[in-house]
There are 2 protein chains.
Amino acid sequence: MAPNKKKQLPSIEEFMPHLAYDSVIFGFNGQQLKILILEYQNTGFFALPGGFVKRNENVDDAVMRGLKERTGLDNIYLEQFHTFGSSSRSAPEIMRTILEANDYDVEDDYWMLDRFVSIAYYALINFNNVEPKPDELSDSISWYPLDQLPPLMMDHQEITEKALEILRDNLDKKLVGMKLLPQKFTMKELQKVYEEILGKKLRRTTFQRKMLSKDILVRHEKLFAGGAHKAPYLYSFKTVQTDQKASSEITHQTIKNTI
Amino acid sequence: MAPNKKKQLPSIEEFMPHLAYDSVIFGFNGQQLKILILEYQNTGFFALPGGFVKRNENVDDAVMRGLKERTGLDNIYLEQFHTFGSSSRSAPEIMRTILEANDYDVEDDYWMLDRFVSIAYYALINFNNVEPKPDELSDSISWYPLDQLPPLMMDHQEITEKALEILRDNLDKKLVGMKLLPQKFTMKELQKVYEEILGKKLRRTTFQRKMLSKDILVRHEKLFAGGAHKAPYLYSFKTVQTDQKASSEITHQTIKNTI
DNA sequence: TATTATTGTAATAAAATGAGACAATAAAAT
DNA sequence: ATTTTATTGTCTCATTTTATTACAATAATA
């Protein structure tokens, strides 16, 4: 790297030290469940999208902001699932390599080289027609199927595995499909979401009966152009207001549906 | 407070700034589910037991350590459940009052007056024969039934409610009864734990059949001295090793059983 | 017009749960 | 010593839920 044109690093005045977040962004394209991995330029390091929390910012908001800055994705469904607090969570060499590869001049006591406690979130999006963009830091970013992840830096593999575990547990409770599918979808597509997350095949008739009996779906017109067979109905999720968080939930959903 | 005999405050050199933990400690005495609340002397402030994380310490260990220091409880079952990261989580006046009530001299820029992100844990213990002791900071500490909590400072009420919600969700999955009961217990006691956590009565025969069919219980000798009626069997939980964490789980359990 | 593959639903079987009945029994009362 | 009492463990039957199979409906293709 040329030792000239050094850039200005983010200042510790702006952020809380020792505190970071990482996000496991699940995307579904109708076929496969994938997650978003970014690669730091000129380093070969693969990582979950993450960032830092400003001194006067809600952690939830920081994650939303950082995700938009780093991935171009806005207003996506986010849920905190675990905080990783091992004292071994520091990687000064790696962080230095990444920063220097981007032409930053890094002092030995620079705050990003310290130990970090990371609050981890998972996000759910339908990634048809969505093209995540790397940010100005020149990272590349792309989708990887869960069984074809590159080797991830630090404990990001462990974070990813925990995210999937929690996602499975929340599958029915949180109506996960709602966030991963377009507004209207077929029963087959919904089943595919479940199968991808659970990692196993489900029985068609049982699944259909179970979903219909839940009183969460609205049936719409049929979807033609499916092939040489009976056309399936399209469904959407009912927008039920179950609790005090309903309005913000609906915001999420509405925005998601317009992606 | 006399302005003499000022004591030395914990230094920011030792701890990570802006990072705290809070713990919701559930205890069961055979009858009622209670949680441990501490009262800061001379202030009237009630709070969950909490503390700070040393710069070179795992967060999990910090919670365990702090709990021992503050409550006298050792090696109890702990599980992280949520991190509270709202930017409004600071209470400089309250913290100053607490510290000054304990004869500390507090500078305006003292780190404990800052905003804190709090990692929340719940703990489960059987509190027969356990007498929590307040620490040297002269707090008093005692058990409160969930429906008779005093007004808690900051967002500690919200933290408590979230803990209970998570505990309910984990009831079957995590074998919560194992941590709250003595090593040997009757079916009625186990049912009582479930009822207290769920906040509703359960049907005796259905509960008994469900528990026995789970293949998690070992039946032991009968417990006499129960009253003018048939004596119930005593049960204990099977110690199954399901995954790689099994050995540490067993440690928890063994230690818990000797409390 | 027949063929094909898939969909929606009904019919039936199996499993899980709810609800009640009842005999067994340990301690207390007589 | 006998009866009474309350609770326990288990069984039965009813109801609900879930699994499995079967099959008619139908949109595109041959």
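Heavy atoms only: backbone and side chains are in, while hydrogens, waters and symmetry mates are out. Order of the sequence lines fixes the chain letters, A, B, ..., with proteins taken first and strands second; residue numbering starts at 1 for each chain.
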TODO: Take atom NZ of A:K201 and atom P of D:dA19, then tell me their distance rounded to the nearest Å.
DONE: 17 Å
TODO: Look at the side chain of A:E195 and the backbone N and O of A:K200, then say whether any donor-acceptor pair between them is shorter than 3.5 Å.
DONE: no
Task: 5'-most by nearest nucleotide on DNA chain D - A:R204 or B:L234 - done: B:L234
Open item on the list: In the structure I gave you, are the side-chain heavy atoms of A:L217 and A:K238 within less than 4.5 Å of one another anywhere?
Closed with: no
Open item on the list: What contact category does B:S213 fall into here, base, sugar-phosphate, or nothing, at under 4.0 angstrom with non-hydrogen atoms?
Closed with: nothing
TODO: Check the distance between C:dT17's C1' and B:K214's NZ and give it to me in whole angstrom.
DONE: 13 Å
Task: Residue A:T205, side-chain heavy atoms: nucleotide from C:dG8, D:dT21, C:dA27 that is nearest - done: D:dT21
Task: Nucleotide D:dA27, atom P - distance to CG of A:L223 in whole Å - done: 12 Å
Task: Rounded distance in Å - NZ (A:K230) to C1' (C:dT4) - done: 15 Å
- [ ] Figure out the CD/P separation between A:Q208 and D:dT20, and round it to whole Å.
- [x] 17 Å
- [ ] Respond yes when some side-chain nitrogen or oxygen of B:K210 is under 4.0 Å from OP1 or OP2 of C:dA16, and no when none is.
- [x] no
Task: Between P of C:dT7 and CE of A:M211, the distance in whole Å - done: 16 Å
Open item on the list: Is there a side-chain contact between A:E39 and A:I141 in this structure, where contact means two heavy atoms from C-beta onward sitting under 4.5 Å apart?
Closed with: no
Task: Dot-bracket encoding per residue of DNA chain C, Watson-Crick/G-U cut-off under 3.5 Å, | denoting interstrand - done: ||||||||||||||||||||||||||||||
TODO: Answer with yes or no after comparing the ring centroid distance for B:F185 and B:F237 against a 6.0 Å cut-off, counting only values under it.
DONE: yes
Open item on the list: Return the CG to CD distance between A:D147 and A:Q32, rounded to the nearest 0.5 Å.
Closed with: 7.0 Å
- [ ] Give a yes or no on whether a donor-acceptor pair under 3.5 Å exists between the nucleobase atoms of D:dG9, that is its base, and the side chain of B:R219.
- [x] no
Task: Position toward the 5' end of DNA chain D (nearest nucleotide), B:K188 or A:K222 - done: B:K188
Task: Whether B:Y122 and B:F81 hold their rings parallel, tilted or perpendicular, with breakpoints at 30° and 60° - done: tilted
Open item on the list: Just the rounded figure in Å: distance from C1' of C:dG18 to CZ of B:R209.
Closed with: 7 Å
Open item on the list: Just N and O in the side chain of B:R203: are any of them under 4.0 Å from OP1 or OP2 of C:dT17?
Closed with: no
Open item on the list: Using ring centroids (six-membered ring only for Trp), state whether B:F28 and B:F127 fall under 6.0 Å.
Closed with: no
Open item on the list: Rounding to an integer number of Å, can you tell me how far A:F224 CZ sits from D:dA27 P?
Closed with: 5 Å
